[in-house]
K.L.:
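Could you have a look at this structure, given as C-alpha cells, before my questions?
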Amino acid sequence: MRHVHIPVQRVAEAARASAMPARGLGDKARWYLPAAVAADLIGAGVPVGLVFEAAQQARPLFCALGAALAWTGVQLMRRRYAGRALGESRGVLPVVHDWLILIGVLAVARVVTGENTPRLGALGALVPALLVTVACHKLTYRHLSAARREAQAVSRVLVVGEPDSAESVIGHLAARTDHPYVVVGVVPVGPGTMDSGVPVAARLGSATAPSPNGDSAAVLGAVAAHRADLVLVAPGARLAGERLRRISWALHDAGLELAVFPGLVEVSVKRLETLSAGGLAVLRVAPPVSRGVQPLLKSVLDRAGAAVGLVLLSPAFLAMVLAIRFGSRGPAFYRQRRIGRDGVPFVMWKFRTMVVDADARKAELSGANENDGLMFKMRRDPRVTRVGRLLRRTSMDELPQLINVVAGNMSLVGPRPPLPEEVAEYDEVELRRLAVRPGMTGLWQISGRSDLSWDETIQLDLQYVDNWSFTSDVDLMGRTLRAVVDGRGAY
C-alpha cells in the first residue's frame, strides 16, 4: 500500500478549523463578564455615593464614580476579567488582596484631591465592594461547577505520552470535576495497551529521535479529528528534548495550546516557579512551609483564637453539658487517645455523643463499617444518643477540642487526628499526614467529611501538609462555617 504523506501545514489548517467550533461550545456563560463588571461598579459606586451624600461631601457623585472606576481598574489590572479567571474558584483572600490595593489607590487619590470625608466613614463605604464582589464570584463559581458536572464549559484535551503516563493523567483528570479539562483522545507514544476507554486518536513510534513531520502530523491530525482545544503532554524517555520541541512548534504554528504535565500531583501553584538554566525550562518546587513567620502566626492564631473561643462559648458549653447529662447516663465529656504531630499521642476532648459503652461495642459493629479504609463510620450508628445526633450534625461535639488547641496538641486547621489503631496500619505515604499538628477543621471537613473515601481523605490531608500557608488556614476557617451549616457528611 502506497504511503501518502500529508504536509504538516495542511493538517495544521484542518486542526485550526476543526478546533474553533469546539472552543465556542466550551465557552463559559456570556453573562459572567457583565455580571462581574456590574457587581464591581455597583458594589463600589453606590455605597460610596450614599455615604458621601450623607456626610454632605461636596462631590458625592464624582467620588462614587471615582471609586467604581478605581475598583474595576484594579480588577482589570489584576486580570480578574480574563476568560480564564471568570467563574473559577479563587477564595476570599485574593479578593481581599485586591481590595487592599483599592484602599491604597484611593488613599493616594484622597491626598491629591484634598477630599476630607472622615477616614472610617470612607473605609466603611468601601466594605460593600468587597462583599458584593465575593458574592458575585460565589454565584458564578457555583454556576460554572454545575455546568462542568454536565461536561459544559470545558476544554477538550488530547493527551500525548507513553501509555502508563498517559493513563495516569487521564485517570487523575477523570476522578475530579473541579477543573475544566475533559480528555477526548489520547496519542500513546510507543507500544502498550490503553485501558482507560479514551479513544486512541493516533500512535507515535518508539524512536526517541524526532521524525521529520511525522510526529507533528499525527498529533495535529488527532487534534483535528477530536476537535481538541489543548494538547496535554506527559513527557517521558520517548517524548522529550528535540522531539517534544518540534511537536510544540507545530501546535503553536497551528494556533493551538500546549501544556506539559511535570509528573507532580497536588502541588500548589504558589510553590512553583519557572526558571531558565542554560536554555532549559526548569520548574522549581519550593519546600512546604515549616519555618519562619507563617508557622509563628499560625501558632499565635491557634492559641489566641482557641482561648477567646473558650471564653465566648462557655455559656453554650454549659447548656450542652446539661443536655448531654439529662439525655443519657454518663459524663458530658469524652476523652480519647489520638495520635498527633510526629506520632506523639495525646488525649483529645469531645462532647460525648454515644452511650458510655460505645468503645466496647465497636467490635460487634465492625461488619457494618461504611468507610472503605481504616476509619470506622456508620450513617445510622446505634451507639449515638439523641442529643449526640444533633451535636454531630452541627459539629458542636468538636468544640472541646479548643482545649487541645490551647494546650498545643492540636491546631485550628489541620488533618483529622487519627486513632492509634489506624496509625498502626499506615504505610509510608499515609504517615506523612502526621508531619503537622492535627486540626479541628481542614480540607477533609469542608469537602464532605464521612462521605469521602479513605483515599480521598488521605489525598486531602497530604495536600494540606504539603501546601499549607497562613492565608490558606484563614480561608479554610471561613469555608468551615458553610460546611457546618450544610452538614454534609456529618454523622
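For reference, positions follow the sequence shown, starting with 1.
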K.L.:
If you look only at pairs with a residue in residues 190-201, which of them pass as a side chain to side chain donor-acceptor pair (under 3.5 Å), with sequence neighbours excluded?
P.N.:
Glu167-Ser196
K.L.:
So, do Val157 and Val182 sit near enough that their side-chain heavy atoms are less than 4.5 Å apart?
P.N.:
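Heavy-atom side-chain distance check fails, nothing below 4.5 Å.
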K.L.:
Can you name the one residue among Leu173, Ile170, Val160 that meets side-chain contact (heavy atoms from CB on, under 4.5 Å) with Leu232?
P.N.:
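Of all the options given, the one that passes is Leu173.
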K.L.:
Could you go step by step and tell me if Glu257 and Leu251 meet the side-chain contact (heavy atoms from CB on, under 4.5 Å) rule?
P.N.:
CA-CA 7 Å; Glu257 289 192 47; Leu251 290 169; over 6 Å; no
K.L.:
Would you tell me whether Ser155 and Asp229 have side-chain atoms, one donor and one acceptor, within less than 3.5 Å of each other?
P.N.:
no
K.L.:
Return the minimal non-hydrogen interatomic distance between Leu283 and Thr274, and the atom names on each side.
P.N.:
CD1-CG2, 4.1 Å
K.L.:
Side-chain contact test, heavy atoms from C-beta onward, threshold under 4.5 Å: evaluate it for Leu126 versus Leu106 and give yes or no.
P.N.:
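In short, these two side chains touch, coming nearer than 4.5 Å.
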K.L.:
For Thr72 and Asp40, which I'm curious about, is there any donor-acceptor pair between the side chains at under 3.5 Å?
P.N.:
no
K.L.:
Do Trp71 and Thr133 have a side chain donor and acceptor closer than 3.5 Å?
P.N.:
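Side-chain D/A pair, Trp71 to Thr133: present.
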K.L.:
For Tyr181, I'd like to know if atom OH has over 12 heavy atoms of other residues, nucleotides or ligands within 6.0 Å.
P.N.:
no
K.L.:
Using the side chain to side chain donor-acceptor pair (under 3.5 Å) criterion, which residues pair with Tyr32? Sequence neighbours excluded.
P.N.:
His143
K.L.:
Given side-chain contact (heavy atoms from CB on, under 4.5 Å), test Val413 with Lys298 step by step and report yes or no.
P.N.:
CA-CA 9 Å; Val413 182; Lys298 179 180 176 71; 4.3 Å; yes
K.L.:
If you take all heavy atoms of Arg433 and Pro415, which pair is closest and at what distance?
P.N.:
O-CG, 3.7 Å
K.L.:
Which residues satisfy the side chain to side chain donor-acceptor pair (under 3.5 Å) test with Asn409, sequence neighbours excluded?
P.N.:
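Listed in chain order: nothing, the list is empty.
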K.L.:
Mind checking side chain to side chain donor-acceptor pair (under 3.5 Å) for Arg271 and listing every partner two or more places apart, or none if nothing turns up?
P.N.:
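Testing Arg271 for side chain to side chain donor-acceptor pair (under 3.5 Å), a comparison that skips the adjacent residues, returns Asn467.
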K.L.:
Is there side-chain contact between Gln401 and Met440, with at least one heavy-atom pair below 4.5 Å?
P.N.:
yes
K.L.:
Go through the structure and list residues passing salt bridge (Lys or Arg N to Asp or Glu O under 4.0 Å) with Arg432, not counting sequence neighbours.
P.N.:
Asp466
K.L.:
Could you check whether any side-chain heavy atom of Leu204 comes within less than 4.5 Å of a side-chain heavy atom of Ile247, counting everything from C-beta outward?
P.N.:
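Leu204 reaches Ile247 side chain to side chain.
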K.L.:
Does Val285 reach the side chain of Val267, with side-chain heavy atoms less than 4.5 Å apart?
P.N.:
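Val285 vs Val267: side chains touch.
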K.L.:
Looking at every heavy atom in both Glu162 and Arg238, which two are closest together, and how far apart are they?
P.N.:
OE2-N, 2.8 Å
K.L.:
Taking all heavy atoms of Leu220 and all of Leu256, pick out the closest pair and write down the distance.
P.N.:
CD2-CD1, 3.9 Å
K.L.:
Is any side-chain heavy atom of His97 closer than 4.5 Å to a side-chain heavy atom of Arg78?
P.N.:
yes
K.L.:
Does the side chain of Pro94 come within less than 4.5 Å of Trp99's, by heavy atoms?
P.N.:
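Not touching, per the 4.5 Å side-chain cut-off.
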K.L.:
Taking 4.0 angstrom as the limit, do Asp461 and Arg416 come out as a salt bridge?
P.N.:
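No.
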K.L.:
List in chain and number order the residues that pass side chain to side chain donor-acceptor pair (under 3.5 Å) with Thr471, two or more places apart in sequence or in another chain; answer none if no residue qualifies.
P.N.:
Ser469
K.L.:
Are any of the side-chain nitrogens in Arg142 or Glu88 under 4.0 Å away from the carboxylate oxygens of its partner?
P.N.:
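A salt bridge is absent here (no side-chain N lies under 4.0 Å from a carboxylate O).
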K.L.:
Should Asp215 and Arg246 count as an ion pair when the cut-off is N to O under 4.0 Å?
P.N.:
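So Asp215 does not pair with Arg246 through a salt bridge.
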K.L.:
Which atom pair, heavy atoms only, marks the closest approach of Pro295 to Val289?
P.N.:
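Of all heavy-atom pairs spanning Pro295 and Val289, the closest is CD-CG1, 3.9 Å.
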K.L.:
For a quick test of reading the model, state the closest non-hydrogen atom pair linking Pro420 to Ile339 and the distance between them.
P.N.:
CA-CG1, 3.8 Å
